[in-house]
Amino acid sequence: QVQLVESGGGLVQAGGSLRLSCTASGRTFSDRAMGWFRQAPGKEREFVAGISRSGERYYAESVEGRFTIDRDNAQKKVSLQMNSLNSNDTAVYYCAKTRRVAFFASRQYLSAQGSYETWGQGTQVTVSS
């Protein structure tokens with residue numbers, strides 16, 4: 001069974017940067033799309049970024065231009081580089097693996113939580129102003 005473990009969270013000042021990493025164990029990784037979601041206190045979990053098998057990347061409007069998602073299939077890792085952080089980025093960040101085996105993936109598919117079958121435990125990101 002595939003497990004996902006996030007790392008890299010922490011406390012950072014506004015305007016700073018953090019790099020999150022998610023490492024997968026198990027047999028499946030390269031044949032699935034991957035995504036990052038976040039959940040702020042008192043709010044619902046929301047889509048942040050997704051990357052398909054073919055390398056297509058999609059971002060939430062709130063992070064476009066500041067965050068970059070990448071994947072390394074050989075290492076079974078997906079990363080999220082976060083720059084120009086602000087207090088609105090404070091949340092628990094989760095990586096997730098999609099259930100469908102497909103080379104391409106649309107924004108609609110990657111941004112839907114129901115598309116994902118495996119979730120990590122999350123890593124806390126706190127941005128101080």
*Should we say atom CD of Gln121 is surrounded by more than 12 heavy atoms from elsewhere, each under 6.0 Å from it?*
no

*Of all pairs that satisfy salt bridge (charged side-chain N to carboxylate O under 4.0 Å, His left out), the ones with a partner from residues 5-14, not counting sequence neighbours*: none

*asked:* Does this structure show an ion pair linking Glu117 with Arg100, if we count only N-O contacts that are shorter than 4.0 Å?
replied: no

*Atom CD of Gln108 with >12 non-hydrogen neighbours under 6.0 angstrom*: no

*asked:* When you compare the side chain of Met82 with that of Val63, does any pair of heavy atoms fall below 4.5 Å?
replied: no

*Thr123 side chain near Tyr94 side chain, heavy-atom distance below 4.5 Å*: no

*Looking at residues at least two apart in the chain, or sitting in another chain, which of them share a side-chain hydrogen bond (donor to acceptor under 3.5 Å, both in side chains) with Arg57?*
Asp70

*Partners of Arg66 by side-chain hydrogen bond (donor to acceptor under 3.5 Å, both in side chains), sequence neighbours excluded?*
Asp89

*Would you give the length of the straight line joining atom CD1 of Ile69 to atom CZ of Phe67, rounded to the nearest 0.5 angstrom?*
11.5 Å

*Mind checking what makes side-chain hydrogen bond (donor to acceptor under 3.5 Å, both in side chains) contact with Asn73, not counting sequence neighbours?*
Arg71

Side-chain donor-acceptor pairs under 3.5 Å in residues 15-23, sequence neighbours left out?
residue : atom : partner : partner atom : Å
Ser17   : OG   : Asn83   : OD1          : 2.9
Arg19   : NH1  : Gln81   : OE1          : 3.3
Arg19   : NH2  : Ser79   : OG           : 3.2

*Flag yes if Val125 and Met34 sit in one hydrophobic cluster, no otherwise; membership is Ile, Leu, Val, Met, Phe, Trp, Tyr, and two members link when side-chain heavy atoms are under 4.5 Å apart.*
yes

_Check: Ser115/Gln113 side-chain N/O donor and acceptor closer than 3.5 Å_ = no

*Would you please indicate yes or no on a ring centroid separation below 6.0 angstrom for Phe37 and Tyr116?*
yes

*Report the residues that fulfil side-chain hydrogen bond (donor to acceptor under 3.5 Å, both in side chains) with Arg53, sequence neighbours left out, ordered by chain and then residue number.*
none

